[in-house]
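Single-structure report; data block below.
Counting starts at 1 for both ligands and their atoms, in listed order.
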Amino acid sequence: MAQRAFDIVTVGGGLGGAALARAMAERGARVLVLERERRFSDRVRGEALMPWGVAEARALGLHTLLLATCGHPLPWLDIFVAGLQIAHRDMPATTAHAAPWLAFYHPAMQEAVLDAAVRAGAEVRRGVRVSGVEPGPEPEVAFEESDRHERVRARLVVGADGRSSLMRKWADFPVRRDPERLLFSGVLLDDVPAPDDSAAILFNPGVGRISLVIPQGGGRVRAYVGYHRDADSPRGQAHDLGRFVEESARAGVERALYAGARPAGPLAMFEGADTWVDHPYRDGVALVGDAAAASDPTWGQGMSLTLRDVRTLRDRLVADDDWTAAGHGYAAEHDRYYAVVHRVDGWFSDLFMDVGPEADERRARALPLIAADPTRLPDIQFGGPELPADDAVRRRFFGEE
Ligand SMILES: Cc1cc2nc3c(=O)[nH]c(=O)nc-3n(C[C@H](O)[C@H](O)[C@H](O)COP(=O)(O)OP(=O)(O)OC[C@H]3O[C@@H](n4cnc5c(N)ncnc54)[C@H](O)[C@@H]3O)c2cc1C
């Protein structure tokens, strides 16, 4: 039987695993991180941390690190609907946490946070593949490095193994999934003459398209295009850059913006549908980040949720020596804030992305009211799940009051 040498073992050393390892190691816990990748590379992941996620990074003491290593603040947000600019928003002046968006190259962020975990005292093993977990009062993790098989026990195992998490299966968490609706694709582009201090979101409702332009400085942008799957989506051409640029234009991006662009990484497309676990703690195993809830990337909430998970779990573990109670407390809180994000993301998909006569009718009612009074837009995606998101907010959004 494996020896217990650690308080916490995290399966995965991406943002969730590394941030938790750092947060707990700096409070004196013995932490082991098991990460499959020897070097992080571009998997087309989140590169824009919402203002409420920036606030979470501040609360975790990660914000200064991100700024010093990879972060590129974007104080301005331009929003276009059907080709018309409806907002040039000063994010620090108008968001609940007085913060900008923070852009970064995801692999650079991962290296920076994992290095910080090491500096805080966590042991990090890379090139190691976890192959199973046995939940229980002293949960046990099995992993492989080259041909060597090892096992380790811990007081708590944290599943931070991302959107295709196997931890959910090993620890017997039933996984829930929304019906498939949106698709989301992204690519890193160089030589894009976008302003360095402004992100842009472009909606083209009716044709089920959204595009995001997220500058990282020096002419580099992370470009995304989202599609409704019933709106002639280019599934068969998911890796075709020419088609990506064409679809960006259909969402409202000026063709000239990408005219001289060169790809700086892979182009990939993902299913948007949320997958999640209710109550992501059981039997000595807690799930954080995408393993707990992979939210639709269209709405850019994933890294903010991940940091919220880390902060919530850290605070519970530090406050309560009974880590079973702490795990359940974290899971109950997770259910509450994730439900808010999930609900509001769904409203935005209904109003801005759905296609067909019913959706057109919805928009005909809601959009003129929103144009006249933009406070009808709930600000949860920028301001976080503590903002009101009840039925009265929903009715104002859809113009149904
Ligand atoms: C196209 C796209 C765009 C996105 N855009 C945004 C955005 O703009 N803003 C935003 O906030 N979020 C965005 N997200 C979401 C964001 O990327 C995720 O929420 C975030 O990366 C989750 O971090 P994580 O640590 O939970 O998972 P991951 O980053 O996936 O990390 C999991 C880690 O676990 C490791 N691992 C997995 N299995 C094993 C194993 N068996 N053994 C050892 N190691 C293992 C992996 O190698 C990986 O390093 C986007 C996602 C996608 C797909």
Region of [X] engaging ligand 1 - heavy atom pairs below 4.0 Å:
{"X": "D290", "answer": "both"}
{"X": "L34", "answer": "backbone"}
{"X": "F184", "answer": "side chain"}
{"X": "L305", "answer": "neither"}
{"X": "A160", "answer": "backbone"}
{"X": "R43", "answer": "side chain"}

| message | For W52 and F382, I'd like to know if the aromatic rings sit close, meaning centre-to-centre distance below 6.0 Å. | response | no

| query | Looking at F184 versus Y224, is the centre-to-centre ring distance below 6.0 Å? | reply | yes

| request: Kindly confirm or rule out an N or O of V44 lying under 3.5 angstrom from an N or O of ligand 1. | output: no

| said: Is there a polar contact, in the sense of an N or O pair closer than 3.5 Å, between A48 and ligand 1? | reply: yes

| field | Nearest heavy-atom neighbours spanning P215 and A194 | value | CG-CB, 4.4 Å

| Nearest neighbour of atom 48 (C) of ligand 1 from the list E37, E35, R36, E271, on a heavy-atom basis | E35

| request: Could you tell me whether a side-chain N or O of D240 sits under 3.5 Å from a main-chain N or O of R243, the two making a donor and an acceptor? | output: yes

| request: Could you tell me whether D161 and R168 make a salt bridge, using a distance below 4.0 angstrom between a side-chain N and a carboxylate O? | output: no

| task | Report yes or no: do H334 and H279 form a side-chain donor-acceptor pair below 3.5 Å? | result | no

